[in-house]
Amino acid sequence: VKMAGKGHHRFFQPALFETIRHRRELEQALVTALEQDQFLVVYQPRVDTQSGLLCSMEALVRWQHPLHGMVPPLEFIPVAESSGLISQLGEMVIEKVCQQMARWKSFGLQLVPVSINVSARQFSRGDVHLVLASALARHAIEARLIEVEITESAMMDEQNRTLEQLAAIRALGVRLLVDDFGTGYSSLSQLQRFAMDGLKIDRAFTTELGRSEQGEVFVRAIVSMAHALGMSVVAEGVETQQQLDMLRTLQCNEIQGYLVSRPVPAEQMLELMLKRRLL
Ligand code: C2E
Ligand code: CA
Ligand code: CA
Ligand code: CA
């Protein structure tokens, strides 16, 4: 940041300056973190609302900083995205997930699909499908056991490039889910064009269930639309039994949320896999 020059430039906003410096430091720390392998992946179960059985899980990245402790993803994912480090970070997550799945498999556990979050910015490098294919092959994991979650906004960004990679990912046999559904502007035609297999209703709508009539109306509409298009529906952020009861009535296929479990390290996930019945 240039601070010299004309008089009024000296009266820069301290908060902004702090932010920029913090951002630079964060970027540098992220580079180090990648080199030193300071990341880990935690898993949150998804449960079939009809059977009550574990049916899949979401992989969520965590940064274990040696000094600052656990840094939540919302504090570093945006920095990784804007600095271009997201592709490397994303590749590391894919690698760790496949490695973990191979480990579970070696224990004789029955694997369930794991979904991985992929940011819009990861598609700009153009090789997400190759990264996935390579990790799946190296760890001998079937493609049907991996799902990719992308936000509605990712479907809008750089449409052609993203579309090509999504098609290639799907051609591998990996399922595609729309994340945070309801917060963006995707249209029915886009959901079809991108051949999405399922969608995850954003937590904001789950929270409205039982609080307002609007919540119920919205979820009912999403479920019927999704089912008409042959997509399955997951509700995120389910925290109460009342929400679960309503989601069951509304025929939502799966739930994910603190009601069942917080995201947990792989060792704890193993116990949930053995238990299987989570509702
Ligand atoms: P998301 O994909 O929408 O993930 C769901 C978030 O909701 C997670 O936050 C999860 O811990 C939290 N959550 C789950 N159940 C409940 C609940 O019942 N109540 C409440 N209040 N929260 C719940 P988390 O792990 O902090 O991740 C935040 C966001 O960071 C994710 O939102 C995702 O957008 C991003 N993220 C996480 N891991 C990755 C990753 O590996 N790659 C990329 N690109 N983004 C990631
Ligand atoms: Ca997600
Ligand atoms: Ca969400
Ligand atoms: Ca999200």
Side-chain angles (χ1 to χ4, degrees), residues 44-60 111-120 122-123 128-129 132 142-157 159-160 162-209 214-238 243-257 260 279:
Q44 189 177 34
R46 269 161 48 196
V47 181
D48 184 299
T49 52
Q50 297 311 313
S51 69
L53 300 177
L54 171 75
C55 58
S56 44
M57 61 181 98
E58 178 173 8
L60 295 156
L111 294 179
V112 294
V114 179
S115 63
I116 298 175
N117 292 284
V118 176
S119 304
Q122 280 173 258
F123 292 107
V128 179
H129 58 299
L132 269 167
E142 289 171 72
R144 62 165 190 89
L145 290 171
I146 292 288
E147 296 173 335
V148 162
E149 300 190 7
I150 60 159
T151 60
E152 289 184 277
S153 49
M155 291 165 55
M156 316 283 291
D157 270 25
Q159 283 205 17
N160 285 324
T162 305
L163 189 59
E164 274 169 26
Q165 286 166 84
L166 286 175
I169 289 169
R170 204 160 183 273
L172 296 172
V174 170
R175 294 178 80 238
L176 302 176
L177 304 179
V178 186
D179 205 0
D180 299 345
F181 187 77
T183 60
Y185 303 93
S186 60
S187 60
L188 288 181
S189 67
Q190 267 171 325
L191 294 179
Q192 287 215 299
R193 186 160 152 256
F194 282 81
M196 303 307 289
D197 297 286
L199 49 88
K200 299 184 78 171
I201 302 179
D202 192 67
R203 179 160 62 89
F205 302 103
T206 306
T207 310
E208 275 308 303
L209 280 178
Q214 273 306 106
E216 194 176 334
V217 167
F218 198 87
V219 171
R220 190 190 304 279
I222 295 176
V223 172
S224 72
M225 177 206 73
H227 287 175
L229 294 175
M231 293 188 287
S232 67
V233 184
V234 185
E236 303 185 317
V238 177
Q243 289 166 352
L244 169 62
D245 293 341
M246 293 180 77
L247 288 160
R248 274 188 167 134
T249 308
L250 295 168
Q251 308 205 348
C252 178
N253 305 86
E254 299 173 25
I255 62 151
Q256 175 178 349
V260 179
L279 280 177

* Is there a side-chain contact between Ser186 and Phe181 (heavy atoms, below 4.5 Å)? -> yes
* Measure across Met155 and Ile150 and return the closest heavy-atom pair with its distance rounded to 0.1 Å. => CG-CD1, 3.4 Å
* Do Lys200 and Asp180 touch side chain to side chain, with heavy atoms closer than 4.5 Å? -> no
* Does Val260 have any side chain to side chain contact (heavy atoms under 4.5 Å, CB included) partners at least two apart in sequence or in another chain, and if so, which? -> Pro45, Val47, Ile255, Leu278, Leu279
* Asked: Below 4.5 Å, heavy atoms only, C-beta onward: do Ile201 and Val234 meet side chain to side chain?
  -> no
* To do: Quick one: do Leu199 and Ile222 satisfy side-chain contact (heavy atoms from CB on, under 4.5 Å)? Show the steps, please.
  => CA-CA 9 Å; Leu199 49 88; Ile222 295 176; 3.5 Å; yes
* Asked: How close do Leu176 and Ile169 get, heavy atom to heavy atom, and via which atoms?
  -> CD2-CG2, 3.9 Å
* Asked: Are the side chain of Glu152 and the backbone of Gly184 linked by a donor-acceptor contact shorter than 3.5 Å?
  -> yes
* Asked: How many angstroms lie between atom CD of Glu254 and atom CG of Leu247, to the nearest 0.5 angstrom?
  -> 12.0 Å
* Asked: Checking Thr162 side chain against Phe123 main chain: does a donor-acceptor pair fall under 3.5 Å?
  -> no
* Hey, does the side chain of Asp197 reach the backbone of Leu177 with a donor-acceptor pair shorter than 3.5 angstrom? -> no
* **Distance-only polar pair, side chains of Gln44 and Gln256, donor-acceptor under 3.5 Å** => yes
* Under 3.5 Å donor-acceptor, Thr151 side chain and Asp179 backbone -> no
* **Short side-chain to backbone donor-acceptor contact, Ser119 and Gln122, under 3.5 Å** => no
* To do: Taking the side chain as every heavy atom from C-beta outward, state whether Leu132 and Leu172 have any atom pair closer than 4.5 Å.
  => yes
* Audit row: Leu209, Leu250, side-chain contact (heavy atoms from CB on, under 4.5 Å) steps and yes/no -> CA-CA 11 Å; Leu209 280 178; Leu250 295 168; 4.2 Å; yes
* Asked: How many angstroms lie between CZ in Arg193 and CG in Leu191, if you round to the nearest 0.5 Å?
  -> 11.5 Å
* **Test salt bridge (Lys or Arg N to Asp or Glu O under 4.0 Å) applied to Arg220 - qualifying residues, sequence neighbours left out** => Glu216
* Asked: Does atom CD of Gln251 have more than 12 heavy-atom neighbours, drawn from other residues, nucleotides or ligands, at distances under 6.0 Å?
  -> no
* **Heavy-atom pair of closest approach, residues Val112 and Cys55** => CB-O, 3.6 Å
* Asked: How long is the gap from CZ on Phe194 to CG on Leu163, to the nearest 0.5 Å?
  -> 5.0 Å
* Please check if the side chain of Ser115 supplies one atom and the backbone of Glu147 the other of a donor-acceptor pair under 3.5 Å. => no
* Structure fact -> Heavy atoms of Arg203 and Gly237 approach each other most closely as CD-CA, 3.6 Å
* Asked: Would a 4.5 Å heavy-atom cut-off, applied to side chains only, mark Ser232 and Arg175 as touching?
  -> yes
* Structure fact -> When rounded to the nearest 0.5 Å, the distance separating CG of Leu111 from CZ of Arg144 is 8.5 Å
* Keeping the roles fixed (side chain from Arg170, backbone from Ala195), state whether a donor-acceptor pair exists under 3.5 Å. => yes
* Asked: Under 3.5 Å, side chain of Asn117 to main-chain N/O of Glu149, donor-acceptor pair present?
  -> no
* Could you name each residue pair satisfying salt bridge (Lys or Arg N to Asp or Glu O under 4.0 Å) that touches residues 47-57, not counting sequence neighbours? => none
* Do Arg46 and Ser56 meet the criterion of a side-chain donor-acceptor pair at a distance under 3.5 Å? -> yes
